[in-house]
K.L.:
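Have a look at this one.
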2 protein chains.
Amino acid sequence: MRSEDIARLAGVSRSTVSRVINNYSNVPEETRQRVLKVIEEHHYEPNTSARVLAGKGTDTIGLFVVSTAERPEVNRIYDNSYFARFVDAVTDHANAKGSYVLIHTVYSPEDFLRVKQAFLQKRIDGGVIVGSGRDPQMVSELAELQAPIVLIDYDIAEIIGSRLNKNRLAVVNSMDYEGTMAVMEHLIGLGHREIGILAGRLDTYSGRERFKAYEMALQHHGLPMREDFILQGQFLKEKAYAEAERLARSDKLPTALFCANDDMAISALQAFTRHGIRVPEDISLAGYDDVPSASLLSPGLTTVRLPIYEMARAAVESISRMQQKKSGSSFETVSFPAEFIQRGSCRSIGP
Amino acid sequence: MRSEDIARLAGVSRSTVSRVINNYSNVPEETRQRVLKVIEEHHYEPNTSARVLAGKGTDTIGLFVVSTAERPEVNRIYDNSYFARFVDAVTDHANAKGSYVLIHTVYSPEDFLRVKQAFLQKRIDGGVIVGSGRDPQMVSELAELQAPIVLIDYDIAEIIGSRLNKNRLAVVNSMDYEGTMAVMEHLIGLGHREIGILAGRLDTYSGRERFKAYEMALQHHGLPMREDFILQGQFLKEKAYAEAERLARSDKLPTALFCANDDMAISALQAFTRHGIRVPEDISLAGYDDVPSASLLSPGLTTVRLPIYEMARAAVESISRMQQKKSGSSFETVSFPAEFIQRGSCRSIGP
DNA sequence: CTGAAAGCGCTTACAG
DNA sequence: CTGAAAGCGCTTACAG
């Protein structure tokens, strides 16, 4: 069934059918109703490819999850609490406002080609990129696409300082520095002076911010920063487990360990438990993100809630806003506050 | 940049450009290379809408998550461990074989209209439906679409028995009955004779199968089935919490409670803990699905691993297979075994 | 208010 | 081996 069939059945031209579909005002109510009736009766839906080819939007936003560090042979985004939640949140917001979401994950250069293709082949009206990390090459290639793009968790300074095309580009972050600061102040307030960190990927904006805040907090309070208390977990569960295990086997434990995300904190907890180190009795533990499991552990994990839902909403809204304004170079940026969440995994240590 | 530009630059016609893009064999190597070179240099990508309109596939599969029972005003798929994992798994498999995934969730009739539109508007080559439950109306509307469709977790008998168009329709399930049986046998083997159930949605295939197996196991072993030990949780966390709480307050507890999914088991655990009922000392608890949190709880949750990854792979492969064969009515169906996983939440009770 | 016509950017018989 | 042309199903100036 094509618009031509509808036109014939309703006794009008294809032009008129198109006008009622696209809500043109200059169609008499009587005609509109007649056409609408035929459309309904035949469950007619206009072919999207034809509409897009004729100049309409796709009503689809792309969502691209970049995770080049993981091993492609294993489960891909599957099992990564952080990414999975972004996918869900973006989908929810986009669907709620009537857009479809086109998803592709990126684990390899070929995968990245697929995201560029999604734009170049005009499959989407704009795209949200999660996890571009510190890949200026990737970001500049995306910016050249000239399509509405939202980067989630990306260093704004890097964009401002670059020769990047900032036209129709937006960045959505959360306040990782402040969030981490809250954890550190909490720990220090509880009397901890030997605080370690299980750091995330430092080629990631959030990874760097969380690390910086850790350093700053120690420095601010005149606390020592010990090399052996700095573990590189790279936001990966296995890596974090190995690092925590290494710490567990060493002769000296910090009294508290801040983990740059919950997945790593949970891995650390498992490693500690396996080595007979109790949380929080022997070591206090804090995470970041507030994944669903965080509240289920015993003790509950003290952490920071990452405002994923709000960030996803901002990203989706940003895309449609940028899509509206064809002209001018808009460069939006938002940063959402994160909420410190105190549970039982950190204890007070007396003097 | 359009194919015409490439043609001009390469000194050939659009026909030839199209032939090299589509890998026609009758293009001399020399010509092919010349065209390819121009394409590369200009980062040319053919417009998908035009290709589709001219008869090519969309290289996109739809993924539709139906969850009409939840309240739409709250977070949507976000926070539902089961659905989120399917989304991830299907995306991974589809992306790995070069397909995009178009997602839309369904919480209302309007949302369902959007999934039908995805087919009718020719946005996708086929679709995977998760959670259609026992909605014959929905399923028959989908079947009429005549597009490759895979139903996940749907009663095959209902399709066989119906006048449904089974052309290019497939069903992917897991062996819920057997999986539940394994849990029940385990419980009974541990000496439990008073076993309750926190049931899932009975308008869902898996919900019914798990309930049936529960009944059958009791019956087979001559154990009583007590009304007050049958709780309706509907696969919903809050509902499960409330029901578990009601049980906790009653004067008589079963010695073991089988929960039709892990989310509900976790809710029950929380409710019990809140009421001073210990697991497994006061009551043994088992779940289903093996969500990531299941192994993190203390005690670890005894459960059944739902083979989501394998099911997703089968669904994706099924779509492409059905898409190939244009002719004949194919009706595929697969059911994956589920694996019983013993952890610490069920204890042996002596005679 | 409305229709004929051009155009969107491809693909693929068809003819040579 | 290759090009001209028709066709995919819409939308939107344009003219009336």
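The model shown is predicted, which means the values in this text are computed figures rather than measured ones. Order of the sequence lines fixes the chain letters, A, B, ..., with proteins taken first and strands second; residue numbering starts at 1 for each chain.
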K.L.:
Mark yes when over 12 heavy atoms from residues, nucleotides or ligands other than A:E41 sit less than 6.0 Å from its CD; otherwise mark no.
P.N.:
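Buried by this count: over 12 neighbours within 6.0 Å.
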K.L.:
Judged by atom type as modelled, is there a donor-acceptor pair below 3.5 Å linking the side chain of B:D125 to the main-chain atoms of B:I61?
P.N.:
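Such a contact is absent between B:D125 side chain and B:I61 backbone.
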K.L.:
Please confirm whether the backbone N or O of A:Y309 pairs with a side-chain atom of A:H93, one donor and one acceptor, at under 3.5 Å?
P.N.:
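The answer is yes, because a donor-acceptor pair under 3.5 Å joins these two groups.
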K.L.:
Can you tell me how far P in C:dC1 sits from the matching atom in C:dA5, rounded to whole Å?
P.N.:
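My reading of the P atoms in C:dC1 and C:dA5 gives 24 Å.
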K.L.:
In sequence, state the C-alpha distance, the side-chain angles, and the governing distance for A:R114 and A:D111, and then conclude on salt bridge (charged side-chain N to carboxylate O under 4.0 Å, His left out).
P.N.:
CA-CA 5 Å; A:R114 296 295 280 163; A:D111 285 338; over 6 Å; no
K.L.:
On a whole-Å scale, what distance lies between the C1' atoms belonging to D:dT12 and D:dG16?
P.N.:
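Approximately 16 Å lies between the C1' atom of D:dT12 and that of D:dG16.
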K.L.:
Determine whether a donor-acceptor pair (N or O, by modelled atom type, separation under 3.5 Å) exists between the side chain of A:N173 and the backbone of A:D153.
P.N.:
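Here the side-chain-to-backbone pair exists.
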K.L.:
Between A:E158 and A:Y205, is the side-chain contact (heavy atoms from CB on, under 4.5 Å) condition met? List the steps.
P.N.:
CA-CA 10 Å; A:E158 221 155 88; A:Y205 179 64; over 6 Å; no
K.L.:
Kindly determine whether B:R2 and B:D5 satisfy salt bridge (charged side-chain N to carboxylate O under 4.0 Å, His left out), including the steps that lead there.
P.N.:
CA-CA 5 Å; B:R2 299 154 307 157; B:D5 302 313; 3.6 Å; yes
K.L.:
Determine which pairs satisfy salt bridge (charged side-chain N to carboxylate O under 4.0 Å, His left out) with at least one residue from residues 12-29 of chain A, sequence neighbours left out, and list them in order.
P.N.:
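Non-adjacent pairs meeting salt bridge (charged side-chain N to carboxylate O under 4.0 Å, His left out): A:E29-A:R32.
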K.L.:
Let's see if you get this right: which residues in residues 11-23 of chain B place a heavy atom under 4.0 Å from DNA chain C?
P.N.:
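When residues 11-23 of chain B is checked for heavy atoms under 4.0 Å from DNA chain C, the hits, listed by number, are B:R14, B:S15, B:S18, B:R19, B:N22.
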K.L.:
Sequence neighbours left out, what passes salt bridge (charged side-chain N to carboxylate O under 4.0 Å, His left out) with B:R34? Give chain and number order.
P.N.:
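Result, salt bridge (charged side-chain N to carboxylate O under 4.0 Å, His left out) vs B:R34: B:E30.
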K.L.:
Below 30° counts as parallel, above 60° as perpendicular, anything between as tilted: where do the rings of B:H104 and A:Y100 land?
P.N.:
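Answer is perpendicular, since the angle exceeds 60°.
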K.L.:
For A:I124, does its backbone N or O pair with a side-chain atom of A:T60 as donor and acceptor, under 3.5 Å?
P.N.:
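No; judged by distance alone, with no hydrogens or angles, the pair does not exist.
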K.L.:
For A:N95 and A:S99, indicate whether the former's side chain and the latter's backbone hold a donor-acceptor pair under 3.5 Å.
P.N.:
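Yes, because the side chain of A:N95 sits within donor-acceptor range (under 3.5 Å) of the backbone of A:S99.
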K.L.:
Can you give the first and last nucleotides of DNA chain D, 5' to 3', that have an atom under 4.0 Å from a heavy atom of chain B?
P.N.:
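With heavy atoms of chain B under 4.0 Å away, the range is D:dC1 to D:dG9.
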K.L.:
Name the stems with DNA chain C in them: runs of three or more consecutive Watson-Crick or G-U pairs, distances under 3.5 Å?
P.N.:
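Listed by first number, the stems are C:1-3 with D:14-16, C:5-12 with D:5-12, C:14-16 with D:1-3.
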K.L.:
Let me see the working for B:V38 and B:V35 under side-chain contact (heavy atoms from CB on, under 4.5 Å), right down to the final yes or no.
P.N.:
CA-CA 5 Å; B:V38 178; B:V35 173; 5.9 Å; no
K.L.:
For DNA chain C, which residues of residues 24-38 of chain A approach it to below 4.0 angstrom with any heavy atom?
P.N.:
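Contacts with DNA chain C under 4.0 Å: A:N26, A:P28, A:T31.
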